[in-house]
Amino acid sequence: MTDTLWSPTAARIENSALREYLNWLEEREGRPFGDHDAFWAWSVEDIDRFWLSIVDYFGVEFSAPWTQVRTADPMPHTRWFTGARLNWAQHALRRGADDDTALVCVQEGGAPAREITWGALRRSVAAAAGWLRRAGVRPGDRVCAYLPNTEHAVIGLLAAAAVGAVWSCCSPDFGAEGTIGRLAQLEPSVLIASDGYHWNGKEIDRSDVVAQLREKLPTVHHFVHVPYLFDRPHPEGSIPWDELLSQEEPLEFEQVEFSHPLWVLFTSGTTGLPKGLVHGHGGMTLQGLMWSGLYCGLREDERMFAFTSTGWALWNMQLGALTRGASIVLYEGSPGHPAGAVFEVAARSRADVMLLGAAVVTATANSGVSPRQEHDLSRLRHVMVSGSALPSAGYHWVMEHVGPDVRIDSTSGGTDISGAFVGANEYAPVRVGRIGGRLAGVDCAAWDSGGDPVVDSVGDLVVTQPMPSMPVYLWNDPGAVRYTESYFETWPGVWRHGDWVTLYSDGSVSIHGRSDSTLNRQGVRLGSSDFYDVLETMPEITETLVVGVDLPDDGYWLGLFVVPAPGHALDDALKQKIVETLRTRLTPRHVPDEIVEAPAVPHTLSGKRLEVPIKKLLTGRPLEKAANIASVDDPDALRWYARFAADRLE
């Protein structure tokens, strides 16, 4: 058993949104649900009835009735609530009093927040949807965007959804090539784009990228210009954003089939074209209500602040808060300008729930800032952490420097489902280095290479029953060929997510990193995230990357690339400290064969380290076949690894 940092009080449990639902469920089902474990077990024993309970409890509005909860087809062909018709945007906008705040828009640098009421949001969405209809946009057409985390993106998505169009958005920190590689697949008829964004105290002009998008997306008939940063004349042939909102329209929602596409999220696409994951109106409605209602515990008049860009699935996930009548805080800028900026925003916006990446927690801790000493965070009750595993030191830091009564919720899911598989719940204690447990309706397990479940040891994360939030299909994937290869090739009919996971006998969970970047040394599988958790708390280190490569004659090379912190070098003393740290805090098996100083660690545009492409380089794959440069945040860094690999293989 690992250290328990925090346990919920009986009063906190009793007053929670989860307990309120469980009380209702007990009466409905005629059986007790004394805790989350009992609830989870029932939710996967009778998965149809569980999702039906979500429909009934949260009052999902179907304009046409369903004929069956789900079809008998195996994954990925399962379809949910067949015959039912609804609209996701209708559920996102049906709550909240007109005069109450729906969106709190905060810009880097401390400028006054812009607050948008529910009434104003509904009027803006109605006007923009009316404009889209007049522009000829029909159900199934694609509306794409190149926007930062501002109200324009929220209004654009809600308006597109209201008319039944399909939405996809890239963040303006994406370059032209990476954006075109995604959006061109969709053949959009409308493009909404901003002139730039803020980052680390700078105004980043993206007018040149937008011009390239207009040139390289030939299907775009209407270009909407959002003058966010600069007071310049509108580009020739563009429609000013204000024009979309200028004409009052009734708020109308196209009623679409349950699985009708709502948005397309793209995987990183380290090789080949990025995969376009198509999520449906119904699945996202149910997922948003369940996650925001039972696990975020949001109620009307509460606020959720997710630090995210529009290029990360967390941006879409946060919108589930709107379905509960809760406000969302949109922050546009760097999380660390100045140090601890995101916590200042949480305090200023009076957030109840905060969601951010583990890397932001680590960076803030390393900056020396103590948010609770500088800001009033008394309203913050729940900090959710995603993107990667929260290091053990991060748990202690949040308790000490954010708040002793804050529930830390390390959660893990994916762009693949626009949601989470595992996370905390109101009953789960906070244990250092552990995730609370499996979420309701997620029948996941750890399997060994033979397809047998394992407990208290590392296995492949699999999901053995379908979920409504799984992609309806992949874009341009006739016959679901790529879909099947991506998730169901290893075990037909069973979703293999590609993460190494341990499900412990006490119900808690650990995620160890991607299984396609497995480190397998002396027959023992090692998770790359375990290395990062330990090493990146060292003040001498900025970032690391670990790669394992099979060699001839059953040999194995475990390499550790280290980016030293400013003012430090990877000398013999630091190498020895790394070795001793890994040996004592992990195991002797974690000690690398070689420790190499690197200028940087390249990532995908959504922030994941390029472990697999670098592993491919080190096995002799040429750069153009190992990675898609357009999907890399620092191409020059990746080229350095290509040169390193070539020199090593000579």
message: Using a strict threshold of under 4.0 Å (side-chain N to carboxylate O), is an ion pair present between Glu300 and Arg324?
response: no

- request: Consider only side-chain N and O atoms of Asp460 and Trp500, and report whether a donor and an acceptor are under 3.5 Å apart.
  value: no

- request: Mind running salt bridge (Lys or Arg N to Asp or Glu O under 4.0 Å) on Arg79 and Glu257 for me, showing each step along the way?
  value: CA-CA 11 Å; Arg79 289 295 175 263; Glu257 192 268 325; over 6 Å; no

Donor-acceptor under 3.5 Å (Ser43 side chain, Gly441 main chain): yes

task: Step by step, work out the side chain to side chain donor-acceptor pair (under 3.5 Å) result for His36 and Tyr295.
output: CA-CA 11 Å; His36 185 271; Tyr295 290 97; 2.6 Å; yes

Ion pair Arg133/Glu254, N-O distance below 4.0 Å: no

field: Residues forming a side chain to side chain contact (heavy atoms under 4.5 Å, CB included) with Ala446, sequence neighbours excluded
entry: Val454, Val501, Leu503

query: Can the ring centroids of His497 and Phe421 be said to lie less than 6.0 angstrom from one another?
result: yes

- request: Please answer whether the main-chain N or O of His77 pairs with a side-chain N or O of Tyr473 as donor and acceptor at a distance below 3.5 Å.
  value: no

Check: Gln107/Tyr331 side-chain N/O donor and acceptor closer than 3.5 Å: no

- request: Could you list all the salt bridge (Lys or Arg N to Asp or Glu O under 4.0 Å) pairs where at least one residue sits in residues 463-474, not counting sequence neighbours?
  value: none

query: Donor-acceptor pair, Ser327 side chain versus Thr101 backbone, under 3.5 Å?
result: yes

- prompt: Quick one: does Tyr395's side chain have a donor or acceptor within less than 3.5 Å of a partner on Arg434's backbone?
  reply: yes

message: When you compare the side chains of Asp37 and Tyr427, does any donor N or O come within less than 3.5 Å of an acceptor on the partner?
response: no

query: Is there a donor in the side chain of Thr71 and an acceptor in the side chain of Asp73, or the other way round, less than 3.5 Å apart?
result: yes

- request: Could you tell me whether Glu26 and Arg19 have a side-chain N and a carboxylate O separated by less than 4.0 Å?
  value: yes

- prompt: If you measure only the distance, is there a donor-acceptor pair under 3.5 Å linking the side chains of Asp352 and His382?
  reply: no

- prompt: What side-chain hydrogen bond (donor to acceptor under 3.5 Å, both in side chains) pairs are there with at least one residue in residues 55-66, not counting sequence neighbours?
  reply: Arg28-Asp56, Glu61-Gln90, Glu61-Arg94, Ser63-Gln255

